[in-house]
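Structure first, commentary second.
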Amino acid sequence: MKKAIILLLCASMLSAAGCMEKKMPESKPKTIYYDDNGNPVATPPRKNGEGEIETQPPVPTEPTTPPPTAPEGEFDVDIVRQNIYIKGQLVQIPVKLGEFPVGWTYILYDKQKYGLEEGRGMAKMYYCGEEMGTVMLDNCYDGKEDESTVYSISTSESDSNIYGITPRVSTVEDVKAHVGEPDEVQEMEKPFKHMFTYGISEGTDENGVLRANMLDVSFDENGVVELVSVYYSIK
C-alpha cells in the first residue's frame, strides 16, 4: 500500500508541476546553447553573419558503450537502472542531482507543501526545456540540493522509456514478454487500472525515503502503460 501511495503521489506531481512557475535554479544555466550537431553546450556557439547566435534543436545521443541488457523475459533491477532513456538521453541511477550534464535543469518541489521531510526531496526534470518526469531524492538538504542523490525516476512521456517500457506505447503483454511475470499485482482505482511491481522493497526509512530496488509499471484501463518508475536505493 505504501508503494501505491508513493507512486500516486509521484503521478500527481507529474501533473501538478505543469502549474508551477518554470524557473531554472541558479546552479544551472538559464540559457541553453547548441553546437552544430544540435547538442547542448555550456558556452554560446558561433554567430551568423548578422551577429545572431545559431541554435538548433537537441539531437538524441547514443552512449559510446551501450549499457548491458538481460535475457528477454528476465527482470534484473541492476540492468533496468542503467537503461533509462529520457528524450533520447541515457540516464543511469543513482546519480547526483548536480551531475546531470549541460542541458538538464530541474525544479524542486516545496517540501512543506508535499510533506517531504528533511533529507528527502523530489524534483521535476527538464532536458533542453522539455519536461521529462519526476525524480526522488535522498540526502536532500536545503542549500545543498545539487549534492542529493537521485534514486528514482518516473516518466509518463511517450518519447521516453525505462528499459524499453514506454508510456502510452507498451502494453501489458509487452511488459510481461520483456521482463517476465510481476512479483506483485495491485488493483487500483482510476487514473490507474492496475500496477505491476518487480523487485523488492524494504519500506520507507526514518526520513520517508523509500528503500527499494524495484520497477513499478502502471497501466490504464486499456492495458497500456501510463507511468513507469524505477527505484534503486537499498544500500
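Looking at Asp220, its side chain does come within 3.5 Å of a backbone N or O of Asn222 through a donor-acceptor pair. Checked by atom type and distance alone, the side chain of Ser158 never pairs as donor or acceptor with a backbone atom of Pro167 at under 3.5 Å. Distance alone, capped at 3.5 Å, is enough to place a donor-acceptor pair between the Glu145 side chain and the Gly143 backbone. In terms of modelled atom types and a separation under 3.5 Å, the side chain of Arg211 and the main chain of Ser233 share a donor-acceptor contact. Of the possible donor and acceptor atoms, none in the side chain of Ser218 sits under 3.5 Å from a partner among the backbone N and O of Glu226. Between the side chain of Asn213 and the main chain of Ile234, a donor-acceptor pair closer than 3.5 Å is present. The closest donor-acceptor contact from the side chain of Lys96 to the backbone of Glu147 lies under 3.5 Å. Counting only distance, with no hydrogens or angles, the side chain of Lys87 and the backbone of Glu131 share a donor-acceptor pair below 3.5 Å.
The environment of NZ in Lys111 is crowded: more than 12 heavy-atom neighbours from other residues, nucleotides or ligands sit within 6.0 Å.
To the nearest 0.5 Å, atoms OG (Ser170) and CG (Asn161) are separated by 7.5 Å. If you take NZ on Lys193 and CD on Glu221, they are separated by 7.5 Å, rounding to the nearest 0.5 Å. Rounding to the nearest 0.5 Å gives a distance of 10.5 Å between CD of Gln82 and CD1 of Ile93. Taking OG1 from Thr105 and CE from Met125, the interatomic distance works out to 7.0 Å, rounded to the nearest 0.5 Å. For the atom pair CZ of Phe75 and CE of Met214, the computed distance is 9.5 Å after rounding to the nearest 0.5 Å. With values rounded to the nearest 0.5 angstrom, Phe219 atom CZ is found 5.0 Å from His194 atom NE2.
The two residues Arg168 and Ser156 have their closest heavy-atom pair at NH2-O, 3.0 Å. The two residues Val169 and Asp174 have their closest heavy-atom pair at O-OD2, 4.2 Å. Taking every heavy atom of both residues into account, Met132 and Ile86 meet most closely at CB-CG2, 2.9 Å. Taking each heavy atom of Pro68 and Ile79 in turn, the nearest pair found is O-CG2, 3.4 Å. Residue Lys113 comes nearest to Asp110 through the heavy atom pair N-OD1, 2.7 Å, listed as atom of the first residue, atom of the second, then distance.
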What verdict does the side chain to side chain contact (heavy atoms under 4.5 Å, CB included) test give for Tyr163 and Thr69, after you've listed the backbone C-alpha separation in whole Å, the side-chain angles of each residue and the deciding distance to 0.1 Å? CA-CA 9 Å; Tyr163 195 46; Thr69 58; 4.0 Å; yes
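Here the options are Leu108, Val135, Leu97, the test is side chain to side chain contact (heavy atoms under 4.5 Å, CB included), and the partner is Ser148; only Leu97 passes. Just one of Val228, Ile84, Thr134, Val95 meets the side chain to side chain contact (heavy atoms under 4.5 Å, CB included) condition when paired with Ile153; it is Ile84.
In the model, Thr197 has no side-chain atom that pairs as donor or acceptor with a side-chain atom of Asp183 under 3.5 Å. Side-chain atoms of Tyr106 and Asp146 include a donor-acceptor pair closer than 3.5 Å. Using a 3.5 Å distance cut-off with no hydrogens or angles, the side chains of Glu72 and His178 do pair a donor with an acceptor.
Follow the hydrophobic side-chain contacts under 4.5 Å out from Val185 and you never reach Ile200; the two are in separate clusters. Criterion: ILVMFWY side-chain heavy atoms under 4.5 Å apart, direct or through other members. Under it, Ile165 and Val224 are not part of a common hydrophobic cluster.
Side-chain contact between Tyr151 and Val209 is present, with heavy atoms from C-beta onward closer than 4.5 Å. Under the 4.5 Å side-chain criterion, counting only non-hydrogen atoms from C-beta, Thr166 is not in contact with Val225. Put simply, the side chain of Asn139 does not reach to within 4.5 Å of the side chain of Lys144, judged on heavy atoms. You'll find the side chain of Met136 stays beyond 4.5 Å of the side chain of Ser154, heavy atoms only.
Aromatic ring orientation, Phe196 versus Tyr198: perpendicular (interplanar angle above 60°, classes split at 30° and 60°). Taking the six-membered ring for Trp and thresholds of 30 and 60 degrees, Tyr127 and Trp104 have ring planes inclined between 30 and 60 degrees apart.
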